[in-house]
Amino acid sequence: MKPWILGGVSAAALITIPCAGWSLTAQEAWQSWQDAAQSYGQELTNDGEAMMDGKLTVRGVAMSTDMEGTRLDMRVEELVFAEQGDGSVMITMSETIPVTASGVDPDSGEELDVSLMIEQSGLAMTASDADGGTDFAYDAPSLMMKIADMKIDDEAFPMVLEVALTDTSGTYSVGSGAGTPVESAFEAAGVDLKMDVADPEGTGKMVFTANMEGLTTSSLAQGFNDLDPEDMARMLNQGFAVEGGGKYGPVNFDMAFEEDGTSMLATGSLTGGGVGITMNGDGISYEIGYEGLDLKLSGSEIPMPQVTAKADVLSTSFAFPVLVSEAVSPFAFRVAIEGLQVGEEIWSMIDPAAVLPRDPASLIVDMAGTGRWMMDIFDEEAMMALDDAQAPGEVETVEVKELKLAIGGAELTGNGAFTLDNTDLQTFDGMPRPEGTANLRLLGGNGLLDKLTQMGLVPQDQVMMVRMMSGMLAKPGSQPDELLSEITIDANGQVLINGAPLPF
């Protein structure tokens, strides 16, 4: 369904993005609209134009886009460009805008046909000069996109999907000349989502609803005048770049699922979250985070009234280069689960005697390093042709900036840094030879082991083996129940634990 996700985004974007190059007269504004549409690979036609008293009315505006096997068509019955007498142009359009999308799903081979309807009430746009470029501002009390009809292989697919936004406003800023950046910002006081899907070949049914407050987004893009997704490396080398992100406030959601007599219900909330992405010739970076998750699950297959879970933070981020280069470039990766708690209904199953503390669990892995690509990672055929002995790139350095695992009253922390010798693939059996040091600290590990033994999760005859291994790989710290381990790999590939050779 990936093309449809992209197609839906494009459908919404067609309302606003092509408008971002308006000049100071109505006719120039309309011409800029057409030029912008063409620069995005869209075909644009109309049924006629009429100019009177500084107002240009364009009827039957049809826009179409072909994108990776998906065709998107949209029709605006009337566009009005009205000169305001102060050098700006006011633009209004029909309140109902039909959109159709059709194509073949590349994974399943199914033919998909979707009819959408965009409804807006009171949408008003204004364009004005900005040092040779154009500033554009708009607002709308309400904006809705919903599926009117959906077919798969010419068979009706019962699906309701509605996205409604309230109190929306936004701005665009476009410089003069081809290839200049386009900046945008968008706000919506509220977003409501409703999805109702039924399996046409079975009894499955799912209903999902969600509402969000305080949505804000921003973006910056350049190089769209030479858009060619089939040759992404060339585009990036020639200056193509995008960056954008969004934040939102409180979210509430509900999901109900039924099939063949089974059911599941999920309800939850977030206090906020956000997402950000940047892509240019230097690399790609992405981050997503959720805050204040509160989740409740119940259903016929869950052997208790409900299951609950909470988390303070759930986040993932990464950054890495994307182009072939002889020089190394930085990369980074971070995942964090902080303040994770499960309800007493789960604890009562695995620890009814309350042996383990109910402290929130956390996991943080924060890594960075440098490396290089030796082949074009956007070349799918070349990447698929790689065998197990080949690698598309090399890693030169790796640093563990932070490692943290806290669970059951114990906490493991660590950090370290290594340099990799990619010319030595013999010492570590096909892997580049590392050289460097890592430091680990375990606090409360023996206490956790005792509790797990008391609960019967660790057999008594294995406890001695675990303690012997910890004695060989770690040394006591200055605090009670503290173990320290310094792991070093020297220039000869020898592994040292706290200064002594690895004992096995």
Side-chain angles (χ1 to χ4, degrees), residues 2-23 26-49 56-81 89 91-94 96-104 112-120 123 125 127 133-134 136 138 143 145 170 172-184 186 219-232 235 238-242 244:
K2 180 181 178 181
W4 301 108
I5 296 174
L6 296 173
V9 173
S10 296
L14 280 169
I15 301 178
T16 54
I17 292 178
C19 313
W22 293 314
S23 300
Q27 192 63 52
E28 289 172 340
W30 170 229
Q31 185 60 53
S32 295
W33 179 302
Q34 297 175 82
D35 293 341
Q38 291 176 359
S39 71
Y40 282 93
Q42 301 164 4
E43 297 179 5
L44 191 150
T45 62
N46 69 87
D47 295 339
E49 307 173 16
L56 174 64
T57 301
V58 186
R59 301 189 183 279
V61 179
M63 287 171 276
S64 62
T65 306
D66 285 312
M67 178 179 57
E68 296 185 3
T70 299
R71 180 175 177 84
L72 201 67
D73 293 283
M74 175 174 133
R75 184 177 177 85
V76 181
E77 290 301 329
E78 184 176 271
L79 273 173
V80 178
F81 301 81
V89 176
I91 301 95
T92 56
M93 66 177 68
S94 304
T96 302
I97 303 169
V99 181
T100 61
S102 59
V104 177
L112 307 177
D113 295 280
V114 181
S115 296
L116 307 170
M117 194 67 68
I118 297 175
E119 298 176 356
Q120 53 84 19
L123 176 65
M125 313 178 190
T134 306
F136 165 65
Y138 68 93
L143 183 65
M145 183 180 72
Y172 284 88
S173 177
V174 185
S176 59
T180 55
V182 178
E183 296 184 63
S184 70
F186 173 80
S219 67
L220 173 65
Q222 62 183 23
F224 273 99
N225 57 305
D226 190 23
L227 187 63
D228 183 9
E230 298 298 322
D231 195 356
M232 184 63 70
M235 289 178 55
Q238 294 183 357
F240 173 78
V242 292

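The closest side-chain heavy-atom distance from V61 to W30 is below 4.5 Å. In this structure the side chain of V99 reaches within 4.5 angstrom of the side chain of I118, judged on heavy atoms. Contact check for I91 versus Y138: no side-chain heavy atoms found under the 4.5 Å cut-off.
Rounding to the nearest 0.5 Å gives a distance of 12.0 Å between CD of Q42 and CD of Q34. Note: T100 OG1 to D73 CG = 4.0 Å, rounded to the nearest 0.5 Å. Between the CD atom of E119 and the OG1 atom of T96 there is a distance of 5.0 Å, given to the nearest 0.5 Å.
Side-chain atoms of Q120 come within 3.5 Å of backbone atoms of S94 as a donor-acceptor pair (strictly under, hydrogens ignored).
Across all their heavy atoms, R75 and I97 have their closest contact at O-CG2, 3.4 Å. The two residues A26 and V89 come nearest to each other via the heavy atoms N-CG2, 4.2 Å.
Applying the side chain to side chain contact (heavy atoms under 4.5 Å, CB included) rule to T57 yields the partners K55, R59, E78, V80; only residues at least two apart in sequence or on another chain are considered.
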